[in-house]
**Q** 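Pasting in a structure now, in structure tokens, and then I'll have a few things to ask.
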Amino acid sequence: MTADRAFFERPVLDVARDLVGWTVRHGETAGVIVETEAYHESEPACHAFVGVTPRTQTLFGPPGMAYVYRSYGIHALLNAVCEPVGVGAAVLIRALEPVDGLELMRERRGLERPEDLCSGPGKLTHALGIGLELNATDLLGTGPVLLEPPGEDAAVRELLAGERIGITKATELPWRFCASGSRSVSRPWPAGVR
DNA sequence: CATGGGATTGACT
DNA sequence: GTCAATCCCATGC
């Protein structure tokens with residue numbers, strides 16, 4: 001698995017699954033992805049559902065770019081744009097296990113426990129210092145935020161799939177993916193799913 | 001131009 | 001468990 005444009009040009013569900021285990025790096029801070037969600041223009045929970053607007057044009061642009069937007073007027077949320085140009089789709093990065101720059105993360109978040117630093121989509125952007133100004137920057141090496149593939153020796157972790165969190169539309173789609181057993185996921189797994 | 005809602009979080013009962 | 005904070009932007013008049 002390499003960090004090239006073709007990886008992100010594939011169906012967004014495949015990319016969402018495959019991104020678990022990758023590393024997000026910004027400056028001296030970095031973490032391993034343990035939770036993702038897929039969003040696609042064909043379903044109403046996706047911002048791209050409404051078509052191309054000033055807000056969503058990044059989603060329809062080249063794959064491998066960052067889509068960063070403000071949520072509830074407070075938080076910045078980080079996505080990786082997927083599928084070919086003209087198709088609006090992205091993977092929401094929902095949680096990380098901190099790897100580098102733990103002290104800087106603690107400083108920014110005002111917390112100590114590693115499993116609390118990046119255990120949510122708004123938390124991880126805060127911990128890594130990712131803001132709206134990074135929208136539409138490249139994630140493949142020429143931009144400030146990097147997505148790095150797992151090493152050859154990386155432990156293979158079991159993947160769980162379930163329903164997405166915090167949305168009111170198309171809630172039935174099992175488009176959320178978590179690394180099994182991670183303590184850094186954003187929320188406990190819904191009852192009944194295993 | 002006014003309005004309403006949201007891919008969340010942290011504080012509080 | 002509940003709830004407010006806060007602001008961009010899509011929508012509708």
Side-chain angles (χ1 to χ4, degrees), chain A residues 8 11-13 15-17 19-20 22 24 31 33-61 63 65-83 87-98 105-137 139 145 147 160-179 182-191 193:
Chain A
F8 295 95
V12 67
L13 273 181
V15 182
R17 270 187 287 259
L19 273 182
V20 176
W22 283 50
V24 181
I33 299 173
V34 293
E35 180 178 353
T36 62
E37 284 179 359
Y39 288 87
H40 188 270
E41 63 180 32
S42 62
E43 44 91 13
C46 183
H47 293 171
F49 185 70
V50 298
V52 181
T53 67
R55 182 196 198 191
T56 64
Q57 56 179 353
T58 308
L59 285 169
F60 292 86
M65 307 293 281
Y67 170 55
V68 186
Y69 74 96
R70 187 170 295 291
S71 171
Y72 291 92
I74 303 171
H75 309 287
L77 270 56
L78 173 66
N79 301 248
V81 175
C82 295
E83 309 218 7
V87 180
V91 174
L92 170 66
I93 311 297
R94 283 196 60 90
L96 310 174
E97 280 181 7
M105 291 186 190
R106 289 189 173 106
E107 205 173 296
R108 285 171 173 154
R109 297 267 297 124
L111 294 168
E112 290 300 318
R113 297 168 64 213
E115 61 267 36
D116 293 333
L117 292 174
C118 300
S119 55
K123 298 177 185 178
L124 71 93
T125 53
H126 185 198
L128 270 64
I130 295 172
L132 297 188
E133 71 280 5
L134 299 180
N135 183 45
T137 58
L139 295 169
V145 182
L147 277 179
L160 299 175
E163 295 173 353
R164 293 175 295 182
I165 287 177
I167 55 173
T168 58
K169 303 164 196 160
T171 56
E172 73 285 358
L173 297 174
W175 286 7
R176 179 193 181 208
F177 303 99
C178 282
S182 174
R183 282 178 301 182
S184 294
V185 297
S186 63
R187 279 199 225 174
W189 205 259
V193 182

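Chain identifiers are assigned alphabetically (A, B, ...) following the order of the sequence lines, protein sequences preceding nucleic acid strands; residue numbering begins at 1 within each chain.
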**Q** Is it true that A:Thr171 and A:Glu163 share a donor-acceptor pair across their side chains at a distance under 3.5 Å?
**A** no

**Q** Working to the nearest 0.5 angstrom, can you tell me the gap between A:Asn79 CG and A:Cys46 SG?
**A**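 With rounding to 0.5 Å, CG (A:Asn79) is 8.5 Å from SG (A:Cys46).
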
**Q** Roughly how far, to the nearest 0.5 Å, is the CD1 atom of A:Ile167 from the CZ atom of A:Arg176?
**A**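 Answer for the CZ-CD1 pair, A:Arg176 versus A:Ile167, is 11.0 Å.
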
**Q** Short of 4.0 Å, heavy atom to strand atom, which residues of residues 108-116 of chain A count as contacting DNA chain C?
**A**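 When residues 108-116 of chain A is checked for heavy atoms under 4.0 Å from DNA chain C, there are no hits whatsoever.
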
**Q** If you measure from the Lys or Arg side-chain nitrogens to the Asp or Glu carboxylate oxygens, is any gap between A:Glu43 and A:Lys169 under 4.0 Å?
**A** no

**Q** Might you point out which heavy atoms bring A:Gly51 and A:Thr56 nearest each other, and give the distance in Å?
**A**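 Here A:Gly51 and A:Thr56 meet closest at O-OG1, 2.7 Å.
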
**Q** Does the side chain to side chain contact (heavy atoms under 4.5 Å, CB included) test come out yes or no for A:Ile165 and A:Arg94, once each step is laid out?
**A** CA-CA 10 Å; A:Ile165 287 177; A:Arg94 283 196 60 90; 3.7 Å; yes

**Q** Can you name the salt bridge (charged side-chain N to carboxylate O under 4.0 Å, His left out) partners of A:Arg109, sequence neighbours left out?
**A**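 A:Arg109 satisfies salt bridge (charged side-chain N to carboxylate O under 4.0 Å, His left out) with no residue once adjacent residues are dropped.
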
**Q** Of all the heavy-atom pairs spanning A:Ala76 and A:Thr125, show the shortest one and how long it is.
**A** O-OG1, 2.6 Å

**Q** In residues 68-81 of chain A, which ones come under 4.0 Å of DNA chain B, going by heavy atoms?
**A**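 Under 4.0 Å from DNA chain B: A:Tyr69, A:Ser71, A:Tyr72, A:Gly73, A:His75, A:Leu77, A:Asn79.
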
**Q** Enumerate the residues from residues 38-58 of chain A whose closest heavy atom to DNA chain C is under 4.0 Å, giving them by residue number; use none for an empty result.
**A** A:Val50, A:Thr53, A:Pro54, A:Arg55

**Q** Roughly how far, to the nearest 0.5 Å, is CD1 of A:Ile130 from CG of A:Leu124?
**A**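 Reported to 0.5 Å precision, the distance equals 6.5 Å.
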
**Q** Using salt bridge (charged side-chain N to carboxylate O under 4.0 Å, His left out) as the criterion, list what pairs up with A:Glu133, not counting sequence neighbours.
**A**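 Applying salt bridge (charged side-chain N to carboxylate O under 4.0 Å, His left out) to A:Glu133 gives none.
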
**Q** Check A:Glu37 with A:Arg164, please: is the shortest side-chain N to carboxylate O separation under 4.0 Å?
**A** no

**Q** Which residues pass the ring pair (Phe, Tyr, Trp, His ring centres under 6.0 Å) test with A:Tyr69, sequence neighbours left out?
**A**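 For A:Tyr69 the ring pair (Phe, Tyr, Trp, His ring centres under 6.0 Å) partners, ignoring immediate neighbours, are A:His47, A:Tyr67.
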
**Q** Using a heavy-atom cut-off of 4.0 Å across all strands, would you classify A:Arg164 as base, sugar-phosphate, or nothing?
**A**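 The residue A:Arg164 makes no contact with any strand.
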
**Q** Provide the start and end nucleotides, 5' to 3', of the part of DNA chain C that has atoms under 4.0 Å from heavy atoms of chain A.
**A**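 The contact span of chain A on DNA chain C goes from C:dA5 to C:dT11.
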
**Q** Please test A:Arg17 against A:Leu13 for side chain to side chain contact (heavy atoms under 4.5 Å, CB included), starting from the C-alpha separation and ending with a verdict.
**A** CA-CA 6 Å; A:Arg17 270 187 287 259; A:Leu13 273 181; 4.1 Å; yes

**Q** Name the residue from A:Ser184, A:Ser119, A:Ser182, A:Ser186 that meets the side chain to side chain donor-acceptor pair (under 3.5 Å) definition with A:Glu35.
**A**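 Of A:Ser184, A:Ser119, A:Ser182, A:Ser186, side chain to side chain donor-acceptor pair (under 3.5 Å) with A:Glu35 is met by A:Ser186 alone.
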
**Q** List for me each residue that meets salt bridge (charged side-chain N to carboxylate O under 4.0 Å, His left out) alongside A:Glu107, sequence neighbours excluded, and say none if there are none.
**A** none

**Q** According to the salt bridge (charged side-chain N to carboxylate O under 4.0 Å, His left out) rule, which pairs have a member within residues 69-82 of chain A, sequence neighbours left out?
**A** none

**Q** Which residue lies toward the 5' end of DNA chain B, A:His126 or A:Leu92, if each is placed at its nearest nucleotide?
**A**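 The residue closer to the strand's 5' end, by nearest nucleotide, is A:Leu92.
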
**Q** Applying side-chain contact (heavy atoms from CB on, under 4.5 Å), can you list everything that pairs with A:Glu83, at least two apart in sequence or on another chain?
**A** A:Pro11, A:Val12, A:His40, A:Val87, A:Ala89

**Q** If you write DNA chain C from 5' to 3' in dot-bracket form, with Watson-Crick or G-U pairs under 3.5 Å, [ ] for crossing pairs and | for pairs with another strand, what do you get?
**A** |||||.||||||.

**Q** Is any side-chain heavy atom of A:Thr36 closer than 4.5 Å to one of A:Val15?
**A**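 A side-chain contact is absent here, since even the closest heavy-atom pair is not under 4.5 Å.
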
**Q** With heavy atoms of chain A within less than 4.0 Å as the criterion, where does contact along DNA chain B begin and end?
**A** B:dG6 to B:dG10

**Q** Nearest heavy atom decides the nucleotide; on that basis, is A:Thr168 or A:Ser119 closer to the 5' end of DNA chain B?
**A**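 Upstream on the strand: A:Thr168.
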
